[in-house]
Amino acid sequence: MVMHDYRVLLTADIENYGDRTDAQQRTLQSGLIGVIETAADRVQLDRAAWSCQVGGDSLTAVLPAEPGPLVTIPLLLDQFLTELDMAIAAHNSRRGDPTWARMRVRLAIHVGPLQLDGAAGWPGQHAVQPARMRDSTPIRAALDTFRDADLALIISREVFRDYVSQGPGRPRPSEFLEVAVAEKRQEYPAYLYVPHFDVHEMEVPEPSPSGRDAPSPPSPGSGSITNKVKRGDILFAQGDINVTRDSERRKK
């Protein structure tokens, strides 16, 4: 029998990692791990108990069952987020390092039932969702809009509904902007926040169609019929056969 456990998920990714030199990427990798560990230690989260997957410019973590989401999520959204923002700023101040590159981070937080015993990770949609949010158009647009920001956060509807909207705590519900995430045929309502900036001032891109319900265009020669109207005459096209009522064309 497949067992599920209700857990908090956190995932972070570095902006424009692929555009950096090899030396800069190495520094950014250690920088990302360092700032997350620093922030976790400062708010007394047990970083050693996190179950982590790393991917060069990203880190995804499932947090332990204890003390549970009711304690962990408010701590992540308030103190951890503040400490993480400060740690990234400290990293970005070290311009004297010859391999230095500014680090800007997209962070996503979600909560839900997980399968923790997969052969190559954590199977299921709740494991996929935070990565989709982290890489989505709205959070990328936030960092593009607020160029002085080092950190942008996106949270799932579940996190906002159960742990933010009920208050009290920081950030306040009014500091989040509801956005639509549409990534890889998956669609999620989510909530965006950028420390020190008013996300309501940004222009949110329209979500691109998922393609899930979009009809496929007919292939040439498939027998589909296309009607075109030009100067009052109708051209019927079916496969490779064209029949026209255009008298001028018939004269030619």
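Values in this document were obtained by computation on a predicted structure and should not be read as measured data.
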Would you indicate whether the side-chain heavy atoms of Leu32 and His91 approach each other to under 4.5 Å?
no
Considering residues at least two apart in sequence or located in another chain, which fulfil the side chain to side chain contact (heavy atoms under 4.5 Å, CB included) criterion with Arg95?
Trp100
Side chains of Tyr188 and Arg157: closer than 4.5 Å at any heavy-atom pair?
no
For residues Ala87 and Val35, report the shortest heavy-atom separation together with the two atoms involved.
O-CG1, 3.6 Å
Intermediate values then yes/no, side-chain contact (heavy atoms from CB on, under 4.5 Å), Met103 and Asn92:
CA-CA 6 Å; Met103 181 165 59; Asn92 288 339; 3.7 Å; yes
With clusters defined by side-chain heavy atoms of hydrophobic residues (ILVMFWY) lying less than 4.5 Å apart, directly or transitively, does Phe197 cluster with Val204?
yes
Just one of Leu114, Leu63, Val159 clears the side-chain contact (heavy atoms from CB on, under 4.5 Å) bar with Leu9, so which one?
Leu114
Indicate the atoms forming the closest heavy-atom contact of Ala149 with Leu143, along with that distance.
O-CD2, 4.2 Å
Pair Tyr17-Gln29, side-chain donor/acceptor within less than 3.5 Å
yes
Does any non-hydrogen side-chain atom of Leu81 lie less than 4.5 Å from one of Leu76?
no
Pair Phe176 and Tyr191, ring centroids less than 6.0 Å apart
no
More than 12 heavy atoms of other residues, nucleotides or ligands under 6.0 Å from CZ of Arg161: is that the case?
yes
To the nearest 0.5 Å, atom CG of Asn16 lies from atom CZ of Arg140 at 8.5 Å
Is there a path of hydrophobic side-chain contacts, each under 4.5 Å between heavy atoms, that joins Val105 and Met133?
no
Closest contact, heavy atoms only, His126 versus Gly112
ND1-CA, 3.9 Å
Arg26 side, atom CZ; Ser30 side, atom OG - distance, nearest 0.5 Å
8.0 Å
Report, as yes or no, whether the 6.0 Å neighbourhood of atom CZ on Arg172 holds more than 12 heavy atoms from other residues, nucleotides or ligands.
yes
Does the side chain of Val62 come within less than 4.5 Å of Val8's, by heavy atoms?
no
Evaluate side-chain contact (heavy atoms from CB on, under 4.5 Å) for Met202 paired with Leu192, printing each intermediate quantity in order.
CA-CA 11 Å; Met202 66 177 282; Leu192 187 64; 3.7 Å; yes
Could you walk me through whether Arg134 and Glu15 pass the salt bridge (charged side-chain N to carboxylate O under 4.0 Å, His left out) test, one step at a time?
CA-CA 11 Å; Arg134 179 200 67 198; Glu15 180 195 52; over 6 Å; no
Shortest non-hydrogen contact from Ser165 to Pro173?
CA-CG, 3.9 Å
Nearest 0.5 Å please: distance from the CG atom of Asp41 over to the CG atom of Asp46.
9.5 Å
Minimum-distance pair of heavy atoms, taken over all atoms of Pro130 and Ala108
O-CB, 3.4 Å
Minimum heavy-atom distance between Cys52 and Arg47, given as atom pair plus value:
SG-NH1, 3.5 Å
Please determine whether residues Ile154 and Leu77 belong to a single hydrophobic cluster, defined as Ile, Leu, Val, Met, Phe, Trp and Tyr linked transitively by side-chain heavy-atom distances below 4.5 Å.
no
Taking everything shown except Asp198 itself, do over 12 heavy atoms lie less than 6.0 Å from its CG?
yes
Just wondering, more than 12 heavy atoms not from Arg42 lying within 6.0 Å of its CZ?
yes
Thr27 side chain to Ala23 main-chain N or O, any donor-acceptor pair under 3.5 Å?
yes
Treating Ser156 as the side-chain partner and Ala190 as the backbone partner, does any N or O pair qualify as donor plus acceptor under 3.5 Å?
no
Answer yes if Ile139 and Val164 sit in the same cluster of Ile, Leu, Val, Met, Phe, Trp and Tyr residues linked by side chain heavy atoms under 4.5 Å apart, and no otherwise.
no
Pick out which of Arg102, Arg106, Arg104 makes a salt bridge (Lys or Arg N to Asp or Glu O under 4.0 Å) with Asp150.
Arg102
For residues His110 and Leu10, determine if any side-chain heavy atom of one lies less than 4.5 Å from a side-chain heavy atom of the other.
no
Any pair with a residue in residues 25-75 that passes ring pair (Phe, Tyr, Trp, His ring centres under 6.0 Å), sequence neighbours left out, goes on the list, sorted by first then second residue, please.
none
Determine whether the side chains of Asp148 and His196 contain a donor N or O and an acceptor N or O closer than 3.5 Å.
no
Check whether any side-chain heavy atom of Leu70 sits under 4.5 Å from a side-chain heavy atom of Asp162, and report yes or no.
no
Going hydrophobic residue to hydrophobic residue with side-chain gaps under 4.5 angstrom, can you get from Leu28 over to Val54?
yes
For the CG atom of Leu75 and the CZ atom of Phe80, what is their distance to the nearest 0.5 Å?
9.0 Å
Using side-chain heavy atoms (C-beta onward) and a distance below 4.5 Å, is Leu84 in contact with Leu151?
yes
Stepwise, does the side-chain contact (heavy atoms from CB on, under 4.5 Å) test hold for Gln25 with Asp57?
CA-CA 8 Å; Gln25 288 183 1; Asp57 61 341; over 6 Å; no
Is there a side-chain contact between Leu153 and Val194 in this structure, where contact means two heavy atoms from C-beta onward sitting under 4.5 Å apart?
no
